[in-house]
Asker: 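One structure is given below, represented as C-alpha cells, and several questions about it will come after.
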There are 2 protein chains.
Amino acid sequence: MADAEYVNIWMRPERPAYGPTPGYSRAQITEAAVRIADAEGLEATTMRRIAAEIGAGVMSLYRYVPSRDNLIELMADRVMGEIDVVGMPSGDWRTDLTRYADELRAMRLRHPWIVTVQRSLPSFGPNQIFLIERLMGVLDAFVSIDENLGLVAMLNGYIEGTSREEISSAKELRRSGLSESEWMARSAPYVDRLVKSGEYPIFTKIVKEARQPHLSRDDQFRYGLKRVLDCIAAALPSTGRVSQGPRD
Amino acid sequence: MADAEYVNIWMRPERPAYGPTPGYSRAQITEAAVRIADAEGLEATTMRRIAAEIGAGVMSLYRYVPSRDNLIELMADRVMGEIDVVGMPSGDWRTDLTRYADELRAMRLRHPWIVTVQRSLPSFGPNQIFLIERLMGVLDAFVSIDENLGLVAMLNGYIEGTSREEISSAKELRRSGLSESEWMARSAPYVDRLVKSGEYPIFTKIVKEARQPHLSRDDQFRYGLKRVLDCIAAALPSTGRVSQGPRD
DNA sequence: AGGGACTGGGTACGATGTGCGCAATCAGGA
DNA sequence: TCCTGATTGCGCACATCGTACCCAGTCCCT
C-alpha cells in the first residue's frame with residue numbers, strides 16, 4: 001500500500017489534493033488530546049474520548065491521524081513547542097541553559113504524561129528539531145559536535161531525571177485517589193519497616209530529611225542544575241568561560 | 001475490603017496462612033514476564049501470554065499478583081537486582097561509580113522495556129532500595145545527603161538519558177519490521193528534507209557525523225561519563241578527591 | 001454534467017485486563 | 001478421625017480498547 005511509504009507522520013501530508021473540505025484538523029485533534037491527557041492522564045486519552053471532546057465520530061479521527069501512537073508523537077512535539085527558545089544563542093550560554101532547563105522542567109510538570117512517551121531521533125517533529133537546533137547552538141561555538149551531544153545529554157538527563165521522580169510520585173498519589181496525608185499514612189508501614197530494620201542507614205537519612213524539607217523542589221532543582229552547569233563550564237575551552245561565580 | 005490496606009506489593013504477603021499448596025510463585029511469574037518482555041516487548045507481555053508461558057490459567061496469575069501494573073513493578077525490581085554492587089563502598093568512589101554506570105547501562109540494554117516503566121520512591125522494591133543504599137553509600141562519607149541526592153540524580157540522569165535514545169531507536173527499528181538499511185532508506189527523505197532546507201545547520205552536523213561514527217556507542221558513553229565523574233569530583237571536598245587525572 | 005477522490009461516521013472484530021463463581025484441595029480444631 | 005473453611009486453579013463473561021471495513025454524501029477537476 002502507498003501509505004506504508006511514509007516512515008513517520010511528519011512526511012505524511014495532512015491535506016490531500018481535493019474532496020470535501022475537512023471539518024477538523026490535526027492541530028485541533030492534537031490540542032484536544034493534550035487537554036485530556038493533562039487533565040486525566042494519557043491512559044484516559046482514548047480515541048473515543050478525544051472524538052467526544054471535539055464532537056466528532058470516533059473513526060473520523062483516522063482521517064487525520066494514522067494511529068493513536070502517531071497521535072501521541074504529535075502530542076509530544078506539540079508540547080515541545082511550548083518551550084521558549086527565542087533569541088537563544090544569546091552570547092551568555094549560562095543564562096541560556098538555565099532558561100532552557102527551567103522551561104523544560106516547567107513544561108514537563110505541566111504535561112506529566114510526556115514521561116511515558118518514547119522518542120527516537122528519526123521520529124522527532126519540527127518543534128523538537130527546532131529546539132535541538134537552538135539548544136545545541138548555545139554551545140556550538142565552543143565545543144565539537146560530539147562534545148556538544150554529550151553535554152546536552154547530561155543536561156537533559158538531569159532535567160528529565162529529577163522531574164521524573166516528582167511526576168511519578170504525583171501520579172501515584174492521584175491514582176490512589178487518596179489525600180496526601182492519607183497516602184503518606186498508608187505508606188508509613190512500609191517505610192517504617194525498612195527504617196526499623198536498621199539495614200538501610202542511607203535510606204533512613206533520606207526519609208528523615210524528606211520529612212522536614214528545608215529546600216523546596218524548585219530550590220533542589222536549581223541547586224543540582226548549578227552543579228551541572230559548572231560541569232559544562234569545566235568542559236569548555238577558556239574562550240567560552242565568561243568570568244562568573246567562584247572557580248573551585 | 002482488606003486488600004486496599006496495602007499501598008504497594010512489597011507489603012502484601014505472598015503466601016497466606018493455609019490452604020492447598022500453591023502451584024506457582026510470584027518469582028516464577030515475574031521471571032516469565034521478564035523473559036517475554038525481553039524477547040517481545042512489554043506490550044506483548046499480556047496476562048494471557050504469561051499464563052501460557054508457565055502453563056497456567058490466566059486467572060491463576062491473580063492469586064499471586066494483584067494486577068498487571070503491580071506485576072510490572074515486580075519486574076522492574078527484579079531486573080534492578082541484576083546490578084552487581086557487592087563490596088561497593090570500596091574506598092575508590094570513581095571505580096565504584098564507573099562500575100555502577102556500566103552495569104546499569106548494560107542492564108537497560110538487556111531489558112529495553114524498563115524505559116517505559118514509572119518509578120516513584122514509595123513503590124521501590126527491596127532490590128531498588130538496596131541499590132540506592134550501596135550507590136549513595138559511595139559518596140556518603142564526603143558530602144551531605146542533599147548533595148548526594150543531587151549528584152546521583154545527575155549520574156542516573158546521564159545514564160538513563162543516553163541509553164534511552166539508543167533503546168527507542170532500536171525499538172522503533174524492530175517495530176517497523178524492516179532491516180536497518182531499509183529503515184534508514186525510508187527515513188532518508190525526511191532527514192534530507194530537513195538538511196536540504198538549510199535551516200538546521202546543527203542538525204545537519206549531527207546527521208553527517210552520525211553517518212560516519214568514529215566513536216562506538218560504548219566509547220561515547222564512556223566519554224560523557226568521564227565528564228560527569230569529573231563534575232562529581234569537583235563537588236567533593238578535597239578529602240574525597242584521591243589524586244587522579246588532570247585537574248582543569 | 002459527470003466522475004472520482006475525499007469526507008464523516010456507524011458497525012463490527014479481535015484483543016485486552018479482570019470480577020465472579022465453582023469445584024477441588026489441604027491445614028487445624030473437635 | 002472427620003469436619004470446617006480458607007485457599008487453590010481456572011473457565012466464563014464483560015467492559016473497554018484500537019481500528020478495519022463499509023457506505024452515503026460532498027466537492028473539485030475535467
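Each chain gets a letter, A, B and so on, in the order the sequences are listed, and its residues count up from 1.
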Asker: Which parts of residues 26-40 of chain B get close to DNA chain C, meaning a heavy atom less than 4.0 angstrom away?
Answerer: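 The answer is none.
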Asker: Using a distance-only test with no angle check, is there a side-chain donor-acceptor pair under 3.5 angstrom linking B/Y100 and B/N156?
Answerer: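 Yes, a side-chain donor-acceptor pair sits under 3.5 Å.
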Asker: State which of D/dT8, C/dG17, C/dG8 makes the closest approach to the side chain of A/S60.
Answerer: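 Side chain of A/S60 sits closest to C/dG8.
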Asker: Which whole-number value in Å describes the distance from B/Y62 OH to D/dG9 P?
Answerer: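 It is 15 Å, rounded to the nearest whole Å.
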Asker: Within the side chain of A/R99, is there an N or O that forms a donor-acceptor pair under 3.5 Å with the backbone of A/D84?
Answerer: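 Confirmed, A/R99 side chain pairs with A/D84 backbone.
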Asker: Okay, side chain of B/D38, backbone of B/G41: is any donor-acceptor separation there less than 3.5 Å?
Answerer: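 Checked: no pair found.
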Asker: Would the distance check show the side chain of B/N70 and the main-chain N or O of B/V65 forming a donor-acceptor pair, the cut-off being under 3.5 Å?
Answerer: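 No; zero donor-acceptor contacts below 3.5 Å.
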Asker: Where the side chain of B/R26 meets the backbone of B/Y64, is there a donor-acceptor pair that is under 3.5 Å apart?
Answerer: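 It does hold such a pair.
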Asker: Can you sort out the partners of B/S163 under side-chain hydrogen bond (donor to acceptor under 3.5 Å, both in side chains), two or more places apart, ordered by chain and number?
Answerer: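 Residues passing side-chain hydrogen bond (donor to acceptor under 3.5 Å, both in side chains) with B/S163: B/R108.
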Asker: Please identify each residue that fulfils side-chain hydrogen bond (donor to acceptor under 3.5 Å, both in side chains) with B/E166, with sequence neighbours left out.
Answerer: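 Per chain and number, B/E166 pairs via side-chain hydrogen bond (donor to acceptor under 3.5 Å, both in side chains) with B/R105.
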Asker: Find the distance A/L61:CG to C/dG10:C1' and express it as a whole number of Å.
Answerer: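 Rounded to the whole Å, the gap is 14 Å.
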Asker: For the residue pair A/R63 and A/Y24, establish whether any side-chain heavy-atom pair is separated by less than 4.5 Å.
Answerer: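 No, too far: nothing below the 4.5 Å cut-off.
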Asker: Below 4.0 angstrom, which residues in residues 43-56 of chain A have at least one non-hydrogen atom near DNA chain C?
Answerer: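 Within residues 43-56 of chain A, the residues near DNA chain C are A/A56.
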Asker: Would the distance check show the side chain of A/N127 and the main-chain N or O of A/M80 forming a donor-acceptor pair, the cut-off being under 3.5 Å?
Answerer: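 A pair under 3.5 Å: no.
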Asker: Measure from the side-chain N and O atoms of B/E160 to the backbone N and O of A/G161, and report whether any donor-acceptor pair falls under 3.5 Å.
Answerer: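 A pair under 3.5 Å: no.
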Asker: Does the protein touch nucleotides 21-26 of chain D at the base, only the backbone, or not at all? Give it as B, S and - per nucleotide, heavy atoms under 4.0 Å.
Answerer: BB--BB
Asker: B/Y24 side chain N/O closer than 4.0 Å to the phosphate oxygens (OP1, OP2) of D/dC10?
Answerer: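 The answer is yes; a side-chain N or O of B/Y24 sits under 4.0 Å from OP1 or OP2.
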Asker: Tell me the interatomic distance from A/R68, atom CZ, to D/dA20, atom P, rounded to whole angstroms.
Answerer: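 Computing the A/R68:CZ to D/dA20:P distance gives 15 Å.
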Asker: Report the residues that fulfil salt bridge (Lys or Arg N to Asp or Glu O under 4.0 Å) with A/E31, sequence neighbours left out, ordered by chain and then residue number.
Answerer: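 Counting only residues at least two positions away or on another chain, A/E31 forms a salt bridge (Lys or Arg N to Asp or Glu O under 4.0 Å) with A/R78.
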